[in-house]
Protein chains: 2
Amino acid sequence: MAVFLSTFANKVDRKGRVSVPASFRSVLERQASSGLILYPSFKHPCIDGCGDERIQEMVDSIDRLDAFSEEAEDLQTILADARQLTIDGDGRVMMPKDLLDYAGISDTIMFVGLGKSFQLWEPDAYAAHRDEKRKRARDRGITLPMAGRGSDK
Amino acid sequence: MAVFLSTFANKVDRKGRVSVPASFRSVLERQASSGLILYPSFKHPCIDGCGDERIQEMVDSIDRLDAFSEEAEDLQTILADARQLTIDGDGRVMMPKDLLDYAGISDTIMFVGLGKSFQLWEPDAYAAHRDEKRKRARDRGITLPMAGRGSDK
DNA sequence: TGGGATATAATGGGATATCATGGGAAAAAC
DNA sequence: GTTTTTCCCATGATATCCCATTATATCCCA
């Protein structure tokens with residue numbers, strides 16, 4: 001599997017560990033990711049996550065902006081707040097407390113696949129967020145502008 | 001065969017497994033699909049399905065949008081709700097319970113070929129849906145402009 | 001063109017492997 | 001020396017693999 005797909009609800013144990021969903025692990029391994037990178041979302045009360053590949057792309061993208069622009073500075077805060085977690089032999093990571101607090105997570109984490117990246121949510125918050133997004137998508141009339149096809153025009 | 005055609009009714013066994021129709025499997029294999037992707041339909045009480053190829057295109061398309069745009073977020077909900085199922089040695093997949101619930105499926109699934117994709121329906125719901133669609137097509141007088149021909153202009 | 005023989009398909013069930021999770025002990029940090 | 005982290009093993013649930021059975025479709029040859 002090459003992309004982060006689907007959602008998974010896993011438990012945070014008393015030591016602060018969580019199992020990374022097996023399918024997410026296989027995506028990360030394929031990226032030769034030495035682990036997994038998390039940072040607080042600046043749009044939502046959740047945690048954004050990805051592998052090394054994606055972070056590298058983000059760094060390159062930011063680098064392409066004007067060096068001292070406000071935009072570049074804002075985006076650089078993502079890098080400053082990011083954490084690199086190593087996955088242990090059982091497929092788990094230690095969740096930093098401040099990130100859990102930021103997302104309002106207590107004992108269960110929703111892993112949400114978004115293709116090239118993923119998010120971690122508190123289950124109820126995610127349910128609300130998902131409903132809102134789906135509703136908006138439906139109201140607008142969702143269309144998939146597919147790459148590499150005539151309809152893409 | 002290169003496209004998903006015809007309809008097939010297969011049983012969901014007590015373990016939640018279903019045989020993917022052999023002709024659908026051969027289409028997926030031709031795509032080098034390691035499996036099959038399912039997600040709840042936006043428009044109907046049924047499950048949409050396709051191969052890896054199509055999802056990969058979708059991910060690439062979304063990736064081309066601005067990383068934190070609303071449009072990208074709406075489209076990502078599809079990825080979050082999608083499931084990748086692997087086809088076992090006997091040509092079967094494990095159906096996730098929530099998808100079965102969404103489509104109201106209990107013990108029999110209708111596989112409906114739609115060319116480049118397909119749908120899974122509860123048999124009675126599909127019969128009703130099919131009648132309605134056929135009736136509408138007849139009332140309107142259906143026409144099909146074929147691609148790649150003079151008439152296409 | 002029959003009509004039996006041989007694939008292919010769908011389905012069922014038991015054995016095995018994988019995954020998520022919990023807890024203890026060793027190692028490292030403070 | 002106490003706390004925190006890392007490593008290792010145990011467990012239950014669930015998915016996966018493997019084999020058997022049946023039905024249908026395809027093939028082959030008289």
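Every chain is numbered from 1 and lettered A, B, ... according to where its sequence line falls, protein lines coming before strand lines.
- As rounded to whole Å, 13 Å separates atom C1' of D:dT5 from atom CG of A:Leu85.
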Please walk me through it: do A:Tyr126 and A:Thr7 pass side-chain contact (heavy atoms from CB on, under 4.5 Å)? CA-CA 10 Å; A:Tyr126 177 65; A:Thr7 64; 3.9 Å; yes
Using a 4.0 Å heavy-atom cut-off, write out nucleotides 10-21 of chain D from 5' to 3' as B (base contacted by protein), S (sugar-phosphate only) or - (no contact). -----SBBBB--
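- Under 4.0 Å is where a charged nitrogen must lie from a carboxylate oxygen, and between B:Lys135 and B:Asp131 no such pair does.
- Rounded to whole Å, the distance from CZ on A:Arg14 to P on D:dT3 is 16 Å.
- Separating the CZ atom of B:Phe24 from the C1' atom of C:dA9 is a distance of 15 Å, rounded to the nearest angstrom.
- Taking the charged nitrogens against the carboxylate oxygens, A:Glu57 and A:Lys116 have no contact shorter than 4.0 Å, which rules out a salt bridge.
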Could you go through the side-chain contact (heavy atoms from CB on, under 4.5 Å) check for B:Gln31 and B:Asp52 one step at a time? CA-CA 8 Å; B:Gln31 290 188 8; B:Asp52 289 354; 5.6 Å; no
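- Aromatic ring pairs are classed by plane angle as parallel below 30°, tilted from 30° to 60° and perpendicular above 60°; the pair B:Phe118 and B:Phe24 is tilted.
- Here the rule is salt bridge (Lys or Arg N to Asp or Glu O under 4.0 Å) with B:Glu73, and of A:Arg134, A:Lys133, A:Arg130 only A:Lys133 fits it.
- B:Asp13 has its CG atom 7 Å from the C1' atom of C:dG12, to the nearest Å.
- Distance CZ/A:Phe111 to CG/A:Leu36: 7.5 Å, rounded to 0.5 Å.
- A:Gln119 meets the side-chain hydrogen bond (donor to acceptor under 3.5 Å, both in side chains) test with A:Asp48, A:Trp121; sequence neighbours excluded.
- Counting only Watson-Crick and G-U wobble pairs whose two distances sit under 3.5 Å, DNA chain D takes part in these stems of three or more pairs: C:1-30 with D:1-30.
- Atom pair B:Lys11:NZ and D:dT22:P shows a separation of 15 Å (rounding to whole Å applied).
- Between A:Met95 atom CE and C:dT21 atom P there is a gap of 13 Å when expressed in whole angstrom units.
- Residue B:Val12 is out of contact with every strand shown, counting any heavy-atom pair closer than 4.0 Å.
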